[in-house]
Amino acid sequence: MTSEPTRGRAGVVVVSTQASADAALDRTGPVIASWLRERGFTVAEPTIVPDGGPIADTVSAELLAGAKVVVTTGGTGVTPTDRTPEAVGPLIDLELPGIVEEIRRRGLAGAGPTALLTRGVAGIAGGRAVVLTLPGSRGGVADGLAVLDGVLDHVLAQLHGAGHAPRSAS
């Protein structure tokens with residue numbers, strides 16, 4: 001039996017002006033990448049872009065490279081440069097709002113009312129990839145990964161052949 005990942009490719013995009021200037025300041029991208037690797041995905045080092053930078057292009061590149069899962073961290077708040085949801089939202093064909101609602105609920109229980117300010121999005125892109133935007137905080141990432149852990153296998157099974165048969169395009 002091989003120890004190589006077999007679940008396919010996943011991508012991590014860190015949206016942070018500070019981390020784009022100094023990658024050592026990135027405290028969430030490596031956590032997400034490690035989490036995905038532990039679940040059998042092949043994951044390169046996180047790509048870091050500044051707030052308001054080429055977020056959509058970077059996520060699109062991950063999707064074009066065949067990623068089955070793309071997780072971003074950062075840029076989901078309310079500062080003038082927090083625009084990750086606006087960049088990623090148009091790439092999503094099918095929204096999964098319950099995921100973000102649960103992340104927000106868990107954050108409210110832990111971090112308090114400021115968790116309500118996160119504006120993340122979650123959904124399916126291209127009919128084959130799960131895309132999720134997480135806050136840039138370690139707590140927000142922990143909450144997000146805990147929620148994703150409960151549904152990721154089920155969603156991927158449905159997208160890639162198990163579960164319901166796809167509808168015909170008539």
Side-chain angles (χ1 to χ4, degrees), residues 3 5-16 18-19 23 25-49 51 55 58-59 62-63 67-79 82-89 91-126 128-160 162-164:
S3 63
T6 59
R7 298 194 66 194
R9 188 179 195 309
V12 179
V13 179
V14 176
V15 181
S16 167
Q18 290 179 339
L25 297 175
D26 174 17
R27 303 282 186 233
T28 56
V31 171
I32 298 166
S34 176
W35 185 89
L36 288 162
R37 286 183 193 113
E38 288 169 5
R39 280 145 189 83
F41 291 95
T42 301
V43 185
E45 291 303 309
T47 302
I48 303 173
V49 298
D51 288 290
I55 302 163
T58 306
V59 171
E62 291 288 351
L63 295 169
K68 291 182 178 179
V69 180
V70 180
V71 180
T72 72
T73 175
T76 63
V78 296
T79 72
D82 285 337
R83 295 295 177 256
T84 301
E86 289 77 12
V88 175
L91 303 175
I92 293 174
D93 304 316
L94 179 65
E95 292 183 21
L96 299 171
I99 292 174
V100 176
E101 291 165 7
E102 178 62 10
I103 293 167
R104 210 176 281 119
R105 187 191 67 75
R106 289 180 187 211
L108 184 61
T114 59
L116 295 175
L117 301 178
T118 189
R119 303 176 309 106
V121 295
I124 308 301
R128 60 179 170 66
V130 176
V131 178
L132 175 61
T133 64
L134 296 177
S137 68
R138 285 182 276 190
V141 166
D143 290 341
L145 295 178
V147 171
L148 190 59
D149 199 35
V151 298
L152 183 59
D153 288 341
H154 182 71
V155 172
L156 290 175
Q158 287 192 337
L159 292 178
H160 299 283
H164 301 288

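Quantities reported herein were computed from a predicted structural model and do not represent experimental measurements.
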Asker: Return the set of residues passing salt bridge (Lys or Arg N to Asp or Glu O under 4.0 Å) with R9 (not counting sequence neighbours), or none when no residue passes.
Answerer: E62
Asker: Between R105 and E101, does any side-chain N to carboxylate O distance fall below 4.0 Å?
Answerer: no
Asker: According to side chain to side chain contact (heavy atoms under 4.5 Å, CB included), who are the partners of L116, at least two apart in sequence or on a separate chain?
Answerer: R104, L108
Asker: State which residues pass side-chain hydrogen bond (donor to acceptor under 3.5 Å, both in side chains) with D26; sequence neighbours excluded, sorted by chain then number.
Answerer: none
Asker: List the steps, then state whether side chain to side chain contact (heavy atoms under 4.5 Å, CB included) holds for V70 with V12.
Answerer: CA-CA 6 Å; V70 180; V12 179; over 6 Å; no
Asker: In a table with atom names and distances, give each donor-acceptor pair under 3.5 Å that connects a side chain of residues 142-156 to protein atoms at least two apart or in another chain.
Answerer:
residue : atom : partner : partner atom : Å
D143    : OD2  : G107    : N            : 3.4
D149    : OD1  : R39     : NE           : 3.0
D153    : OD1  : R7      : NH1          : 3.1
D153    : OD1  : R7      : NH2          : 2.6
H154    : NE2  : Q158    : NE2          : 3.3

Asker: Would you say CD of E95 has more than 12 non-hydrogen atoms from neighbouring residues, nucleotides or ligands within 6.0 angstrom?
Answerer: no
Asker: Grab the two heavy atoms, one from P85 and one from G75, that are nearest each other, plus how far apart they are.
Answerer: CD-O, 3.3 Å
Asker: Before giving the answer on side chain to side chain contact (heavy atoms under 4.5 Å, CB included), spell out for L91 and V131 the whole-Å C-alpha distance, their side-chain angles and the decisive distance to 0.1 Å.
Answerer: CA-CA 9 Å; L91 303 175; V131 178; over 6 Å; no
Asker: With sequence neighbours left out, write down each residue that passes side-chain hydrogen bond (donor to acceptor under 3.5 Å, both in side chains) with T133, or none if nothing qualifies.
Answerer: none
Asker: How far does CG of L63 sit from CZ of R128, to the nearest 0.5 angstrom?
Answerer: 6.0 Å
Asker: Given 3.5 Å as the limit, does a donor-acceptor pair link the side chain of D93 with the main chain of A125, or not?
Answerer: no
Asker: When you compare the side chain of I55 with that of V88, does any pair of heavy atoms fall below 4.5 Å?
Answerer: yes
Asker: Do the side chains of I92 and I124 get nearer than 4.5 Å, heavy atoms only?
Answerer: no
Asker: Could you go through the side chain to side chain contact (heavy atoms under 4.5 Å, CB included) check for D82 and D51 one step at a time?
Answerer: CA-CA 6 Å; D82 285 337; D51 288 290; 3.6 Å; yes
Asker: Kindly write out the residues that satisfy side chain to side chain contact (heavy atoms under 4.5 Å, CB included) with E45, not counting sequence neighbours, or none if the list is empty.
Answerer: R37
Asker: Just wondering, do T28 and R138 contact through their side chains at under 4.5 Å, heavy atoms?
Answerer: yes
Asker: If every non-hydrogen atom of P30 is compared with every non-hydrogen atom of P46, which pair is closest and at what distance?
Answerer: N-CG, 3.9 Å
Asker: Exactly one of T76, T72, I103 should register a side-chain contact (heavy atoms from CB on, under 4.5 Å) with L134. Which one does?
Answerer: I103
Asker: If you look at every heavy atom in G11 and A67, which pair is closest and at what distance?
Answerer: N-CB, 4.2 Å
